[in-house]
Trainee: 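Here it is, the structure, as C-alpha cells.
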Amino acid sequence: MPDPIHALFDYHTWATLQLFDHCASLSPEMLDLTAPGTAGTILATFRHIVVADAMYLSRLTHDYSLRITNGPELSLDELRARFVANSEEWTHVLNNLTAYPPDHPRNGDNDLGEVRNLLLTQAIHHGNDHRTHICSVLSVNGLGAPEFDAWLYWYDVKHVDLPD
C-alpha cells in the first residue's frame with residue numbers, strides 16, 4: 001500500500017485523466033464553453049491546471065525546464081500528454097522527497113517555513129478545485145460530468161471495498 005502522499009498524487013493523476021478522457025470527444029466549441037463562478041472555459045481551465053502543475057514541480061525541484069511556456073497554444077491532447085509527463089515527474093519527486101528539503105530559503109529569507117509541503121498541498125488542492133470548475137461547466141451546459149471522487153478511485157482502481 002502506498003504512503004498517503006503517493007496515494008493523494010495517484011488519485012490526483014487518475015481524476016484529472018478521467019476528466020481529460022471525458023472531454024476528449026468534445027468539439028472545439030464545447031471546449032470553449034464556460035459558466036459563471038468558474039475559472040474560464042473548459043480548455044483554458046485544463047491549460048491552467050497543467051501549466052500550474054508544472055510550475056509547482058519546477059519550484060519544488062528548482063528545475064525550471066519543467067515549466068510550460070506555450071500553455072495557451074496547447075490542444076487538449078497535448079495538455080493531456082504534458083499532464084502525464086508531469087505525473088511521472090511527481091512520482092519521481094515523491095520517491096525522492098528527502099532530496100527536496102522542507103525548508104529552503106528564497107531571496108535570502110530562511111523563515112519561509114515548509115515550502116515543500118506548501119507546494120505538495122497546493123498541487124492537490126489546485127487540481128481538485130479546477131476539476132470541479134470544469135465539471136460545473138460541463139453540467140451547466142448539459143454535457144454531463146464524470147464521477148471521479150476518492151471513493152470511486154479506491155473501488156475501481158485499488159479494488160478495495162468500502163467499509164460499512
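Hydrogens, waters and symmetry mates play no part in the numbers below; they use all other heavy atoms, side chains included. Since the structure is predicted, the reported quantities are computational estimates derived from the model, not experimental observations.
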Trainee: Can you get from L79 to M30 by hopping between Ile, Leu, Val, Met, Phe, Trp and Tyr side chains that sit under 4.5 Å apart?
Mentor: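 Same cluster.
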Trainee: Give a yes or no on whether L66 and L94 share a hydrophobic cluster (residues Ile, Leu, Val, Met, Phe, Trp, Tyr; joining criterion: side-chain heavy atoms under 4.5 Å apart).
Mentor: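 Yes: a chain of side-chain contacts under 4.5 Å links L66 to L94.
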Trainee: Identify the two heavy atoms, one from L138 and one from P146, that lie closest to each other, and give their separation to 0.1 Å.
Mentor: CD1-CD, 4.2 Å
Trainee: Hey, is the main chain of E73 close enough, under 3.5 Å, to the side chain of N70 for a donor-acceptor pair?
Mentor: no
Trainee: I need the E78 CD to F46 CZ distance, nearest 0.5 Å.
Mentor: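 Between E78 CD and F46 CZ, I get 14.5 Å after rounding to 0.5 Å.
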Trainee: Does D53 reach the main-chain N or O of I49 with its side chain, forming a donor-acceptor pair under 3.5 Å?
Mentor: no
Trainee: Does the side chain of H133 reach to within under 4.5 Å of the side chain of I42, using non-hydrogen atoms?
Mentor: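 They are not in contact (no side-chain heavy atoms under 4.5 Å apart), so the answer is no.
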Trainee: Just grab all the ring pair (Phe, Tyr, Trp, His ring centres under 6.0 Å) pairs involving residues 63-87, residues at least two apart or on different chains.
Mentor: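 Found H12-F83.
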Trainee: Could you tell me whether a side-chain N or O of H22 sits under 3.5 Å from a main-chain N or O of G144, the two making a donor and an acceptor?
Mentor: yes
Trainee: I'd like to check L57 versus D63 (side-chain heavy atoms, cut-off strictly below 4.5 Å). Are they in contact?
Mentor: no
Trainee: Give a yes or no on whether the backbone of H125 and the side-chain of D129 come within a donor-acceptor separation of less than 3.5 Å.
Mentor: no
Trainee: How close do E147 and W14 get, counting heavy atoms only, and between which atoms?
Mentor: O-CH2, 4.5 Å
Trainee: Could you state the interatomic distance from CG (L60) to CH2 (W90), rounded to the nearest 0.5 Å?
Mentor: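 Reported value, rounded in 0.5 Å steps: 5.5 Å.
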Trainee: Taking the side chain from S139 and the backbone from S136, do they hold a donor-acceptor pair closer than 3.5 Å?
Mentor: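 Such a contact is absent between S139 side chain and S136 backbone.
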Trainee: Enter the distance from L97:CG to L120:CG here, rounded to the nearest 0.5 Å.
Mentor: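 It comes to 6.0 Å.
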Trainee: State yes or no: do V84 and L19 share one hydrophobic cluster built from I, L, V, M, F, W and Y residues joined by side-chain heavy-atom distances below 4.5 Å, directly or via other members?
Mentor: yes
Trainee: Could you tell me the separation between the OG1 atom of T38 and the CD1 atom of I134, rounded to the nearest 0.5 Å?
Mentor: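 With rounding to 0.5 Å, OG1 (T38) is 9.5 Å from CD1 (I134).
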Trainee: Start with the C-alpha gap between N86 and T13, add the side-chain angles, then the distance that decides, and say whether side chain to side chain contact (heavy atoms under 4.5 Å, CB included) holds.
Mentor: CA-CA 9 Å; N86 287 353; T13 297; over 6 Å; no
Trainee: What distance separates H126 NE2 from H48 NE2, expressed to the nearest 0.5 Å?
Mentor: 3.0 Å
Trainee: Between N141 and L143, is there a donor-acceptor pair closer than 3.5 Å when you use the side chain of the first and the backbone of the second?
Mentor: no
Trainee: When Y11 is tested against each of W154, F148, Y153 for ring pair (Phe, Tyr, Trp, His ring centres under 6.0 Å), which residue passes?
Mentor: Y153
Trainee: Checking the side chain of R47 only, and the main-chain atoms of L74 only, is there a donor and an acceptor separated by less than 3.5 Å?
Mentor: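 At least one qualifying donor-acceptor pair exists.
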Trainee: Rounded to the nearest 0.5 Å, what separates atom NE2 in H92 from atom OG1 in T61?
Mentor: 8.5 Å
Trainee: Test of understanding: clusters of I, L, V, M, F, W, Y form through side-chain heavy atoms closer than 4.5 Å, transitively. Do L118 and F9 belong to the same one?
Mentor: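 Each belongs to a different hydrophobic cluster.
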